[in-house]
Each structure stands twice: as C-alpha cells, then as structure tokens.
Undergrad: 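My structure is below; once you've seen it, I'll send some questions.
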Amino acid sequence: MKKVEAIIKPFKLEEVKKALSEIGIVGMTISEVKGFGRQKGHKEHYRGAEYAIEFVPKIKLEIAVSDGDAEKVVEALLTSAKTGSIGDGKIFVTSLTEVVRIRTGEMGESAL
Amino acid sequence: MKKVEAIIKPFKLEEVKKALSEIGIVGMTISEVKGFGRQKGHKEHYRGAEYAIEFVPKIKLEIAVSDGDAEKVVEALLTSAKTGSIGDGKIFVTSLTEVVRIRTGEMGESAL
Amino acid sequence: MKKVEAIIKPFKLEEVKKALSEIGIVGMTISEVKGFGRQKGHKEHYRGAEYAIEFVPKIKLEIAVSDGDAEKVVEALLTSAKTGSIGDGKIFVTSLTEVVRIRTGEMGESAL
Amino acid sequence: MKKTSLFSYFALPVALVLSLMAPESAMAAGVSHELFTVNNTWMLVATFLVFIMHLGFAALESGLTRSKNTTNILFKNTAIVAIGLLTYALCGFNLMYPGDFNGWIGFAGLGLSLPAGDAGLIGYADGNYTYYTDFIFQAMFAATAATIVSGAVAERVKLSSFLVFSTVFVAIVYPIVGSWKWGGGWLDKMGFYDFAGSTLVHGVGGWGALACVIVLGPRLGKYENGQIRPILGHSMPLATVGVFLLWLGWFGFNGGSVLSADPGAVSLVFVTTSLAAAAGVIASMVTSWAVQKKPDLSMILNGSLAGLVGITAGSDTVSVTASIIIGLIAGVIVVFSVMFFDKMKIDDPVGALSVHLVCGIWGTLAVGIFSTNPDHKLWVQLVGVIAYGATSFAAAFAIFLALKGTMGVRVSEQEEMEGLDMHEHGIAAYNGFQTTNQ
Amino acid sequence: MKKTSLFSYFALPVALVLSLMAPESAMAAGVSHELFTVNNTWMLVATFLVFIMHLGFAALESGLTRSKNTTNILFKNTAIVAIGLLTYALCGFNLMYPGDFNGWIGFAGLGLSLPAGDAGLIGYADGNYTYYTDFIFQAMFAATAATIVSGAVAERVKLSSFLVFSTVFVAIVYPIVGSWKWGGGWLDKMGFYDFAGSTLVHGVGGWGALACVIVLGPRLGKYENGQIRPILGHSMPLATVGVFLLWLGWFGFNGGSVLSADPGAVSLVFVTTSLAAAAGVIASMVTSWAVQKKPDLSMILNGSLAGLVGITAGSDTVSVTASIIIGLIAGVIVVFSVMFFDKMKIDDPVGALSVHLVCGIWGTLAVGIFSTNPDHKLWVQLVGVIAYGATSFAAAFAIFLALKGTMGVRVSEQEEMEGLDMHEHGIAAYNGFQTTNQ
Amino acid sequence: MKKTSLFSYFALPVALVLSLMAPESAMAAGVSHELFTVNNTWMLVATFLVFIMHLGFAALESGLTRSKNTTNILFKNTAIVAIGLLTYALCGFNLMYPGDFNGWIGFAGLGLSLPAGDAGLIGYADGNYTYYTDFIFQAMFAATAATIVSGAVAERVKLSSFLVFSTVFVAIVYPIVGSWKWGGGWLDKMGFYDFAGSTLVHGVGGWGALACVIVLGPRLGKYENGQIRPILGHSMPLATVGVFLLWLGWFGFNGGSVLSADPGAVSLVFVTTSLAAAAGVIASMVTSWAVQKKPDLSMILNGSLAGLVGITAGSDTVSVTASIIIGLIAGVIVVFSVMFFDKMKIDDPVGALSVHLVCGIWGTLAVGIFSTNPDHKLWVQLVGVIAYGATSFAAAFAIFLALKGTMGVRVSEQEEMEGLDMHEHGIAAYNGFQTTNQ
Ligand SMILES: Nc1ncnc2c1ncn2[C@@H]1O[C@H](COP(=O)(O)OP(=O)(O)O)[C@@H](O)[C@H]1O
Ligand SMILES: Nc1ncnc2c1ncn2[C@@H]1O[C@H](COP(=O)(O)OP(=O)(O)O)[C@@H](O)[C@H]1O
Ligand SMILES: Nc1ncnc2c1ncn2[C@@H]1O[C@H](COP(=O)(O)OP(=O)(O)O)[C@@H](O)[C@H]1O
C-alpha cells in the first residue's frame, strides 16, 4: 500500500475532495501546514518596517491507498489541484508497511 | 525502525497516551488533523441553509519505534483507541531509514 | 528520494530555515505539533490544582530531498536546531517512492 | 415631533423666538439651567452609547465572516466612523437640518457654526441640549448608516471603492433623505413618524446595502450548482460581543432620540427597547429551533437586533405589550428573511438586509398599527417606507455602478480566495502560528 | 432603607400618600422636576450598566471553559437575558414588589401597569425615578441571578432543561425570596440589610448553582482516580474582557442601588466598590502566588469579582477602610474556596460558587461587622443568609431534580466529549480552519 | 483653571470660604442641590468611562503582541488598576492635591478623609462634585499613567519588577509632578495649561515608558544584523476592541476633565475629542497608505489614539477646526514616529511612545498654537513639556535602573523565547488544542 501526501493551495481543497470522491476515494486526513518554496512570500509592511511572508498557508492531504490506486490518485490530484501558477504544491508518495482499521482490527487493503 | 502513525478520536488521546506509556513508549508527536471517511459528518444548518460537516476533528499520533516494538505499539493503539463506532481511525506503519536525536547526534535505535 | 522530517523547538525555526537555505534547500513544509518525550513538561497550577504540561509545542519540518542531499540536510538540521538541552527534537528519514510537482506534472528529482 | 422644529431655526439671528414655536416642550425661558444641564448630560451619554455601536458592528461583522477577511472588516469599520464624523461636520449636518427649506433639499452651508447669542447654549433647543451636543449626537447616528452597508458587502468589496462609496453615501445621500423627516421636510409635514430611525437610519442603510450587494454579486462559492453553501462565521464570541454592544448602544440610540432627559419618555423607551430585543431573541430562537431543528446562535443574535430595529420607529409611542409583539414578529421575520435572501442568491454575510432593511420596514409600519397616537397612519408610514426605499436604493445603486465602471468594486478572484487581509492590508488578523517570530 | 417602602404602595389609588411614609427621602411634593430628572437619568445609566454585565458573564464563562462548548455558553447567556426581562415583566416584578403583603409571598398581578395619576412619574417613588425605570432596573438585576447558575453548570448541562430551569428560577424563586427584603417582607421588618444584593442576587444565584451542580455531577474527566485534573479555560482574553465588563457593570449594580442620584451616597458607593474590587485583586494575587507559587490570572479575575460581591451588601454603609478590608478578605477567601470545592469534587468551571455564593455570604455578614449603622446586627444578617440559603437551595434542588426525572439535565457522554456546540447547536464557536470554505 | 483651586483648600476647617476664592465658577451657596447632583452624576459617569480605558489598554496591548505573552499582559493590566486605585487612596491623592504647598511637593497625609462639614458634599468643590467623586475620578486617571508603560515594556519585562516599578511610579512620581499643575503648583502659577493630561498623564506615562524601554532593551530578534524584523500582533480584533474602548473612555477622560456637567464645555469637548480622533484615523490612513503602500490597520488604530492624545491638552480651549488640524497632524506624526523609534532600535511593541509621549508633546504645544485663550503661551507650554519630561524620565530611569541592579528587570532568554505566559504564570492564554482535556 502507498501513502500519497499532497501539499495544496487551501482554496483548492473542495475541488480536490470532489475529484478524489469521483475516483472512489472514501478516506483521507488533512491538516493545516505552511509552505516555503519558490512561491516566495511577498514583502509586506507592518508598522513601517518591511517583512517577508515566507511561509504560505497550505493544506496537506494524506491518503492511504492500495498500490494499484496510487497512480489514479496522483492523477486526480494533478488535475484538480492545479492552477498553473507557482505554489500549486507537491505530491509525495511513500510505501506503507501496514494499515490497520482501529474499529475492527482489519489489516491491509481491507482496512483502507 | 518504523514510524507508526495513528489517526484517533480526540477524546481518546488521554487513554492512548496511558496505554503507550505502559508498554514503555516515552516519545511521540501529535497534531490536530481533520478526517474524512466513512464516519460521514452529519448535516447541520447554519443560518437556514444545510451544510455537511465532512471533516471531523481527529488527532494524529506519530511514534517512531524499533522494528521489534512496532507490533506492540499497534496493539496498544488498537485496544486503547477503540470505541467500536465508526470513525475510530486508522493506523499506518512506514519504514524509517534513519532516526537522529538532535541534542546528541545519536543515530538509529538509541535515538528513539 | 528521501523525506526528512524534523521535530524542533519553535524558536529555532528561523535559524534552521537559514541553515537550510545556505545549503540550497528551497522548499519545505512546516506544521505545528506537540511533542511528548524526555523533556517532561513541568508541573503547573491552575485554579489551585496541579497539572502536568506533558505536551510541549514543537514545529515539524518536512523536507523532500534527493538521496544525495539527505545527509547534508540532516547535518544542517543537527547544527542549527541544537541547543543542547533536553527536548531539542528528532529527525526521521523515510524513502519517497515518488515526488510530483502539481503545477507542471514534473516527477522525480526535478520536482523537488 | 422629533428633530424637526428644534433645528429649523438655528440660523435665525434671534434664536429666542424659538421658544414661541415649540409649545409642547418647555419654554426656553422656562427651562432652568439645572434641567438644561441634565438634559444635555443625558444626550451626551446617549452619544457615547451610539458611538460604541460602531465597535458592536465591527465585532459582529468580523465574527460572522471568515478570518482571512477580518483585518479588512475592522479597518473598514474604523475608517467609517472617522469618515462619518468628519463629513457630517463638513456638510452632513447642514444638509440634514438646513433650517427653512423647500422640504426636499436644502443646505445651511459648509462646516459647523455655533449660533450667535445664547442660542448655542440653553436657547438653542428649548434647553434640551447645546448646539455641539446636537451635532455630535447626530454625527454618531450618521456613520451607522454606512456601517450597515459594510457588513452586507463584506469579504469581496474593494476597500478603496467602499471608502469612496461610504463617503458619498454618508455625506450626501443620508442627510438629504434624512431632512425629509427629521429636518422638517415633506414627509414630516405629511405626518410620517420614525422616532429613532427604523427607516431613516436602518432602512436607508439597508436599501443601500441591497443595491450594493446586487451590483457586487455573491461571494465565490456561496451559491454553487443551485445550492446554498453556508460560509461559517469565524468567531461566535466576537459576534456575540458585537450584538451585546449594539444592544447597549441602542439605549442611547432610542433613549437619546427622546432629545431630552424627560423621565417618563426615556424610561418608557428603555422598557420598550429592551422588551422588543428580548422578544426578538425568544421568537428567533423558537423559529430557528423549529425550522432548522437546532437553535442557531447566529439567528438569535440577529433576532435581538431584529427586535431592536423593529422597535426603533415607535419606541416612544407604543405600549409595552405592543413592543413585545413587535419584537416577537421581528424575531420570526428575521429568520425567514435570512433564508429568503439566500434563496434569492442575494449574499449577505451578516444578515444586514434582514435585520436593518426588512425589520426596518416592519418597525416603520408597526407604528401605523400599534401607535397610541391616532395621528400615525399606516398609509403614511407606507409612503415613507417607499419614498426612502426608492431614493436610497436608487442613489446607492447609481453611485456603486459608477464606481464599478471606474475603479471597480470587487477584489480579484485570487484576492477573494486568499483573503482580503493579506492582499489589501498585508497583515493577517491572527498571527498565532508559532513560526511567525517564534 | 432600600427598595422597600418605595414599592410597597404603588398599587394604592392615591400614591401621593407615599410621601408621608418616607421621611428620610425628600417629599414627593418637595422634589423638583429637575432633581427627579437627574435621579431618573442616573437610574437609567445604572440600568444599562447592569445590562452590560450580561456580556461580562457571557465572556467570562466562555473564556474559562473549553472552545468546544463556547457557542452553547454564548447561547445560554443571550437567551437568559431575554427570559429574565420577559418573565420579570410577566410576573417577576409584581411578585417581588407585591405592595402590602403578608411578608412571605404576595402578587400584584400579571404584567406591568403604570400606576394611575402622576404616581407613574414624579409621584411614583418620591421623585427618584419613574415606574418604568423601576421596572427595567429591577428586571436587569433579575436576569443576573440565573446567569450565575449558567457558569457553574457549563459544559455538561442540557440546553433545553437549563432554559426551563432558568425560566422558573428567575420568574418565581428569585422574586419571591427577593420580596422578603426588597419587597418589604419579613426579613426587611427584622432589620436584615443587603444593599445591592450580596445575598439577594449573588447568594440566591450561588445557592441555585450549588444545587444544580450537585444534581448534575462533575464534568467527565475532572476528577479521576481521586485526583483533580484541571480543565483549562480556552481564552484568557475573553475571560478578562468579561471581568472588566462585570466590574464596569457593578458601578450601576451598586451605584444604582442607591435608587437616586444622591451625590454623597452614589460617590461613596463608587469608592467602596472600586477599592473592594482592587483589594480583591491584590489579595488573590498574593494568595495565589503564595499557594500556587505562580500568580494565576484566573484567580485574580475571580478575586476582583470576589471583592465586588463582598462589598455589594454594604457598599453604602461601611467606611472606605472597611471596604478595603472586606475586599482583601474576599480575595483570600475566593482562592481557598475554589480549592475547597475542587477537593469536595464539586465541579464549578468558572468559580461561580466561590465568587457569588461564598463571597456573597461573606459580604452579607460583613455588614454586621463593619456597618456604620448600629441597626445592622450580625445575627440578623446570619438569619438572612440562612433563610435565603435554605430556600434558594431547596427550591433549585427540587426544580432541577424534577427536570432530571423528566427531561433529563445532562447531555450524553458522547456529546460532552465531542462538545455541546456541535451537538446542541450544530455550529462550532471558531471556524478558522482553512478547509471550511477555503 | 482646572483641578487647582478647587482642591487647594479642602483641609481648611471652614470649607465654605472656598466659594469666595473661585469667582469663575458658581458660588457654592449659589449652586442648587439639583445642579450639584447633575454635576456629580456626570463626573461619576466620566469615572466609569475612564475605568473602561483599562480594559481598552489590556485589549490593545495584548492584541498587538504575541499570544505566548498574552496572559502576562492581561495580568499586568488587571493588577495595575488595583495598584493604582489603592496607592492613590493611600497617598497619591494627597500628594497630588496637597492643599497649600510650596508648589513643588506637598503632602496632605495618608489615606482619605472626608472634609468636615458640608465641605464633603455640595460645599466641597463649588457644587461640582463630592469629595469621594473627586477622589475616584482622579484615581482612575492615575492608574492609566502606569498602564502606558506596560505596553512599551511588554513581552520581556519581569512581572515582579514591573509591579514594583508601577507601584512607585503611580504612588509617588505621578502625583508629585501632577501637583505642579493640577495641584496648583509652580507650573500652574506660571500659566501652563494641560486640560486633561496630554502631558500630565500621557506625557508622564510616555516618558516613563521611554526610560524603561531604554534600560530594558529590545525584544530578542527585533533588530538583527541592522535590520528591523517586525513582530506581528497576534489578534487584530482584540487590538481593535481595545482602541474603541479607549476612544469611548476618552469621552470621560476629556469630558470629565471639565469637572462639572457644564453643557457648553462638555459638549464642545465631545466634539473636539471625536473630531480629533477621526482626523487622526484619516491622516494615519493616508500616511500609512502612502508610505507603506498598504493601509495598515495597526497604524490607524494608533492614529485614532494619536488624535485623542493630541486633543487632550486643549479640548476645551480650541476651535472645532483646530481640533481637526490637531488630529490630522497627530495622525501623520504617529506613523513617522513609530518608524523613527524602530530606526533608533527603541523597541515599543504597541506604539505607546509614539502615541502617548510624542503626541502628548504635540498636544501640549498645540495649546500654545491654537488656544482661543490668549493667556496660553507656546513657550510656557514648552517649559511644561520639558519640566515634565526631564523629571518623569529621570525618575523612571532611576527607579528602573535600581530594580535592574537588584531584582533584575528582564526575564531570561529562554523565558522570552518560550513565552512569559508559561514561565511567569504557568498558563497559556489560549488553550484550544484538542489534546488538552480532549
Ligand atoms: N522540498 C520540499 N519539501 C517539502 N515540501 C516542499 C518542498 N518543496 C516545496 N514544498 C511545498 O510545496 C509548496 C509549493 O512549492 P513551491 O516551490 O512554492 O511552488 P511549486 O509547487 O509551483 O513548485 C511549498 O509551499 C511547500 O509547502
Ligand atoms: N484512506 C485513508 N487515508 C488516510 N486517512 C484515512 C483514510 N481512511 C480513513 N482515514 C482517516 O481515518 C478516520 C476514520 O475513518 P472512517 O472511515 O471514518 O472510520 P473507520 O475508522 O471506522 O473506518 C478518518 O476520519 C480519516 O482521518
Ligand atoms: N519515539 C518518538 N516518536 C515520535 N516523536 C518523538 C519520539 N521521541 C521524541 N519525539 C519528539 O521529539 C521531541 C523531543 O524529544 P525528547 O525526548 O523530549 O528530548 P530529546 O530530543 O532531547 O531526546 C518530543 O517532544 C517529541 O515531539
């Protein structure tokens, strides 16, 4: 199994969630993060002094999927999270050794 | 070494922490996340219009352990985080290539 | 490719960011977490009753890098995040199966 | 008789003739320095109470919207008070109370000028307050009309355009239509009654808000695929603080509109105002519990304001029982009105249209129904409602459309999605994240 | 002499006989219209000050509890004001001030009715205020008693049951026991003294709270394995805003209880009230610093309220020095009282029992110790404390137990764990998460 | 003529001779009980308005700083009110108004003592207020001077040392220098004018703040490698609430400084105060928009306060137009001043130096420029500014340096980095994280 992590722009979440639902993804976990990258935060002024907003608000999605579904998920993410401008985010894929559903104790793909 | 990630119901944290302590786990990192899954958020009304609360507050635990301890940890999680109702959460296990303790520079299992 | 995760003390972030920039790291994602570990939270009083602050505020950094850079990143983290006192935090390294840049669809190291 | 005859003459050289024109209040000569002082003191207390309503609006509006636009809302509400006070000093006061005029529009000149002689003091308004008190009390009122618009257009309006709009609206539109009644104009002559401004303040602000919202369109994502997607307010405590402060301010808004410390009148106004607000809470609670199945805090907050707006036009002239009925009906109306505007895809983040416009109309008409004074006629009230509605709506629509064609009135899509705070002001409202300066 | 003789007679046809019964205040005939106006104005100012205490309670209670229950607390506090005002109009006022009665219970009839003749104006209360002022000032007081309960039962009480309880408590229990003293009943005749309500308001509310808390039990997880697990308040700024607003309101609560604008009395009350609050802060700071080793903000917030409750019974009748001593002692008491209740496993999230009940008792007894008026006797004060305690506690206990047996008084375990906001209201207090509507 | 002659004599056995010494106010014998009552009532209203400024300071200061230090700031601001009131009762009042004295320093004895005879009532201050009103109004003022320091030293000062500093500053320094003008001392004799305290309150507090900030040094990380690193305030809503409450309080601060309810004077003060604040908002908005390219909310909040501080010295003695000019200039000054102090590496988290010190100086000098009273001379105003500046700065510097050498004045580096809340108080300001007690 794989864990697909995606860092996306916050206002894209709704669209991404819809795209994932459409390909049959029924579970995911999200969190608030801040990103640092090419999308250099703008310079702003506060009380007369300049400051750079280097960390930009992002949403991180974590989606555990079977090996077979990983690619589909990546593709769905690619199309739904994309705006085309810098800062759209990244997708990271890692291998999962095990997945367990706490409620039932089911393991492996049936736990997804 | 392994990283065990668990998504649990927030009010279970205290119990889970105790269970982990009992099996000798001395370190973990937690964060606030929101979960999307079978535990469909209820429908609510705000100012007369319906909205679905799709994302439910959850706590994510991350616990780095030696390969040998991973199973014990999963078991402790399974018993302590379980309520039996939908939405109890998931456990994900991944392999860790390396662990370092920043304070001492220790590596591997001794860094846990 | 590798994902380097570091749990650090919040006030060290600025320094760590600088150290990483210096070795050419241009991207990272951070989030607020709480840590439980040897740095036992102190005992405090609230309204006359004692309570232990067991979870200490920490910052988690996630940095995806090429295999070659992983060690450099760990070293930069080790020197910049260290205060020498308990609770400095941990570094975890995992393998990444894939990395994708959402904006362009680039994959692998060129997506970093 | 309200703000009318007291003002019509202050430009006359011999202000003391005033006393002859106002038989129903004490003769200026007949009012002791003591009574003058207490009257004036009460009016100043009422002034600071109305002032604090601006904080109420700022808190309520930012509480019921998203945190990414909070700095922007706070900024607008702070700026509006300043704009309102300064433009009212520059021209608003003299447009609203032009003295003898044709009943439609008049202007007593730029700036403030203390009437000569003791007309600036005890002789100015039959010993009810001084010239300066009159100005500052009215000036605090003026700014509220613009603030009502602020809430309805929140989260998408361009700051600079909104400031220009507010300036014109509060400097020119509000005082000119205000003069028709409180300045002694044609609606006053016709017998229209609006004690403290269900229509003159809340209605005018509400119609202006409606015009702007129509020009502006709904927030992105509010109405999608024919569905209403609620956008949750980011802080219920802030919204609640706002409503309590508004209710507090209303003691001055209505209580001060007695225009003296007259014990019987002011205390009756306190009772009717409080009970109408309370009734609005209960009625909106029951209604929202029944309709939505759960008691919605944001609805009972709107409900108390609905009761307050509803009682504003008649708080000195209806019975205690009537005040409760007016509040109850307002509390029911506001819940359905919020739902109605949403169904019409008219996006009003804070319920300003339902509270100020709809309940403003209700309150004005209620005078025709419940007033203990037989001179108050329902049809005259209706004429007033229509006249104010048509004019305020048309004026706001024209100004805002002109701005749309020139400066633009709406922020860019990106700005709206990422929040006005960072784009318009470069500063978030909450900077609690540990990483910002550790 | 407080709210007594002024009220006992207003149902009499010839209200002017009143002037003969109240020798120590000016004769009704002897009070000028000017003095009447300033007296009444002050009482209305005091009224809006007491009103703002409700926002103070809402802010304090939500600040000292968890964010998952904040909407619920704000809702309760908004609803209670409405319930308090309306029921007081319906029956409370006439139960509390029934006119001539047996000293235990009397009722002057449903609804409000302006006394005939000029008794409704200057003649109503010796020129101190109008009938409507009297009602609205007392009505604002009434609601505070129920609000005190709200804080103590927070985070676990069922909304509907609490609303029913509050309605009965404020509509029937509070005014009936209130009539014993302020209505001129048996305790008044006995010489019991409670200037502004250390016992009549804070004590009654506090005893009611104690009864409810006992029936309800502690919050889940508060006492585990014989240990006290503190549950931290979610927002210290909100709690602090609450306390300052309560202190502000107390200027009207105590200052208005002079029942006229009498310069000497009102200004003395301002001084004793302020200094007692200040002394409460200092004493609780020192105590909490010594006992807990660190100065606890929540304790000094409670400390200032402790001083305020402590001085409430005697603020017009003790010396300045005594007011400081009363405040200092209250500030010490409150810290130990909070710890005591916790040790007893009586779970009071906001310290309402310590502040209102314990310091209410202390303040009432302090009159017997420090009063400059030799008529005030410690044993009579004690009788009053016991009488009010027994009755209020028993009544609240009975009502709440009845509710427990019928509607149930406590939310389900799941609801308590996940928060009352989502379950009772379907809306969280804070919706700042970026994912909710981007 | 302000607080001077009214106070100089209250220790005299026969207070009635007072009436002979104050020709420009009504004779004590000539003031009716009615007028006395309304005057006193207004002064008490002003008192509670000044009280609420303390909440304003608490909210503003915590809003403009980081959340890890919020509990600490709230604690300080609550404690300071208590310290201010109690020390003023103990010695401050009698140091500030010592009666007949050498013009530099005098002391009328410890504690409060109601003057004998009716001097404690109508005869005390020509029928303008009672002895107790006088004390409590002045006491509320006193505490504000210390609070100003609080904001400037925020986020790094040691709690205990700050409390000691405040106690000495408010108990001794503030009243002694205050006696020079308001106590009838040498500056009063020289013709110096400071109506409500641009210099006596805001200047004194501001100079004290400057001294402390210099001794204390900037916050860690504020100035690094020659660069200014802004440290963002954690809550703009809190800061905005603070500013509106301060503005509200200013109606009492300035309006109460009339020292009677005189209708003409108080209403003029309301107008000049409001318009100066409004002008401060507009000027700081334009300036910050021009200089920073974006309109900075924190700057317009400071701007309104700048206008308020600027108008404080002359609000009863300048024209309406002048009040607007004073406010506009203050609004421009404050923006550049904030930037200037930052360039000087003088770290003032909330802009207290720019608002209170710099605009306090401007306001005091503005009297010399704009006063309608030819007796007010610019050079005398300058003498006053310098005298107060030199003394307050030197005294604060000496006290704080002494504390630095003994108790230490700054928290440890670790404490500063991790936040004062956990280290000094053991409790965070916000405990919203789900994990704390689920
Ligand atoms: N090497 C990295 N490791 C972890 N997260 C990264 C990395 N590079 C970028 N990110 C995340 O992706 C977000 C977008 O990256 P950025 O370089 O700004 O633009 P783009 O996605 O268009 O390349 C960043 O804000 C950050 O959260
Ligand atoms: N495929 C998934 N990837 C990541 N997280 C998931 C996934 N499925 C479920 N989760 C997380 O687990 C939580 C519980 O899952 P849910 O399907 O609601 O119930 P259950 O745990 O009983 O199967 C979700 O709220 C979500 O946070
Ligand atoms: N086994 C673990 N798994 C995950 N996170 C851990 C683990 N052990 C420690 N941590 C994280 O590292 C932080 C520091 O660890 P701690 O034991 O307190 O001190 P040190 O880093 O000096 O060993 C903890 O607060 C926690 O966030």
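Every chain is numbered from 1 and lettered A, B, ... according to where its sequence line falls, protein lines coming before strand lines. What you see is a predicted model, and the numbers here were worked out from it, not measured in a lab.
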Undergrad: Does some side-chain heavy atom of Phe48(F) sit less than 4.5 Å from a side-chain heavy atom of Leu49(E)?
TA: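 Yes, their side chains come closer than 4.5 Å.
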
Undergrad: For the pair Leu297(E) and Asn72(F), evaluate side chain to side chain contact (heavy atoms under 4.5 Å, CB included) and give the outcome as yes or no after the intermediate values.
TA: CA-CA 8 Å; Leu297(E) 175 61; Asn72(F) 182 255; over 6 Å; no

Undergrad: Hey, what do you get for OG (Ser274(E)) to OH (Tyr88(F)), rounding to the nearest 0.5 Å?
TA: 14.0 Å

Undergrad: Side-chain contact test, heavy atoms from C-beta onward, threshold under 4.5 Å: evaluate it for Val45(E) versus Val45(F) and give yes or no.
TA: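 Side-chain contact under 4.5 Å: yes.
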
Undergrad: Any donor-acceptor pair under 3.5 Å linking the side chain of Asn431(F) with the backbone of Gly233(E)?
TA: yes

Undergrad: What is the minimum heavy-atom distance between Thr240(E) and Leu55(F), and which atoms define it?
TA: O-CD1, 4.3 Å

Undergrad: So, taking the atom named CG in Leu112(F) and the one named OG in Ser319(E), what distance separates them when rounded to the nearest 0.5 Å?
TA: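 If I round to the nearest 0.5 Å, the distance is 10.5 Å.
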
Undergrad: In sequence, state the C-alpha distance, the side-chain angles, and the governing distance for Trp289(E) and Leu159(F), and then conclude on side chain to side chain contact (heavy atoms under 4.5 Å, CB included).
TA: CA-CA 12 Å; Trp289(E) 215 326; Leu159(F) 177 65; 3.7 Å; yes

Undergrad: Is Ala59(F) close to chain E through its backbone or its side chain, or both, or neither, when contacts mean heavy atoms under 4.5 Å?
TA: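 Looking at Ala59(F), nothing touches chain E.
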
Undergrad: Hey, does Ile136(F) have a side-chain heavy atom less than 4.5 Å from the side chain of Ser267(E)?
TA: no

Undergrad: Which heavy-atom pair separates Met236(E) from Ala428(F) by the least distance, and what is that distance?
TA: CG-O, 3.8 Å

Undergrad: Measure Ile324(E) against the heavy atoms of chain F and call it side chain, backbone, both or neither at under 4.5 Å.
TA: side chain

Undergrad: For Thr47(F), is it the side chain, the backbone, both, or neither that has a heavy atom closer than 4.5 Å to a heavy atom of chain E?
TA: side chain

Undergrad: Is any side-chain heavy atom of Phe270(E) closer than 4.5 Å to a side-chain heavy atom of Thr130(F)?
TA: no

Undergrad: Quick check for you: to the nearest 0.5 Å, what is the distance between Met285(E) atom CE and Thr78(F) atom OG1?
TA: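 The distance works out to 10.5 Å.
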
Undergrad: Shorter than 4.5 Å, heavy atoms on both sides: which option in Gly63(E), Ser298(E), Pro295(E) has the most such pairs with chain F?
TA: Pro295(E)

Undergrad: Would you please indicate if the ring centroids of Phe251(E) and Phe51(F) are separated by under 6.0 Å?
TA: yes

Undergrad: With the side chain counted from C-beta on, respond yes when His425(F) and Asp296(E) share a heavy-atom pair under 4.5 Å apart, and no when they do not.
TA: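 No, their side chains stay 4.5 Å or more apart.
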
Undergrad: Contact part of Val320(E) toward chain F, heavy-atom cut-off under 4.5 Å: side chain, backbone, both or neither?
TA: side chain

Undergrad: Quick check on side chain to side chain contact (heavy atoms under 4.5 Å, CB included): which of Thr272(E), Val269(E), Leu268(E) does Tyr132(F) satisfy it with?
TA: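 One option only clears the test, and that one is Leu268(E).
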
Undergrad: Considering only heavy atoms, which portion of Trp247(E) lies under 4.5 Å from any heavy atom of chain F: side chain, backbone, both, or neither?
TA: both

Undergrad: Can you see which heavy atom on Thr41(F) is nearest to which on Ala261(E), and at what distance?
TA: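 Result for this residue pair: OG1-CB, 3.6 Å.
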
Undergrad: At a heavy-atom distance under 4.5 Å, which candidate from Leu85(F), Val81(F), Asp421(F) has the highest pair count against chain E?
TA: Leu85(F)

Undergrad: Are the side chains of Pro263(E) and His33(F) in contact, using a 4.5 Å heavy-atom criterion?
TA: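 Sidechains of Pro263(E) and His33(F): in contact.
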
Undergrad: Can you list the steps and then say if Thr37(F) with Leu35(E) is a side chain to side chain contact (heavy atoms under 4.5 Å, CB included)?
TA: CA-CA 8 Å; Thr37(F) 306; Leu35(E) 194 57; 3.6 Å; yes

Undergrad: Taking only distance into account, with no hydrogens and no angle test, what donor-acceptor pairs under 3.5 Å do side-chain atoms of residues 276-284 of chain E form with protein atoms, sequence neighbours excluded?
TA:
residue	atom	partner	partner atom	Å
Ser284(E)	OG	Gly280(E)	O	2.8
Ser284(E)	OG	Val281(E)	O	3.0

Undergrad: Using only atom types and a distance under 3.5 Å, with no angle test, would you say the side chain of Lys294(E) pairs donor to acceptor with the backbone of His423(F)?
TA: yes

Undergrad: In terms of heavy-atom pairs under 4.5 Å, which option from Ile73(F), Leu121(F), Thr71(F) contacts chain E the most?
TA: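 The answer is Thr71(F).
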
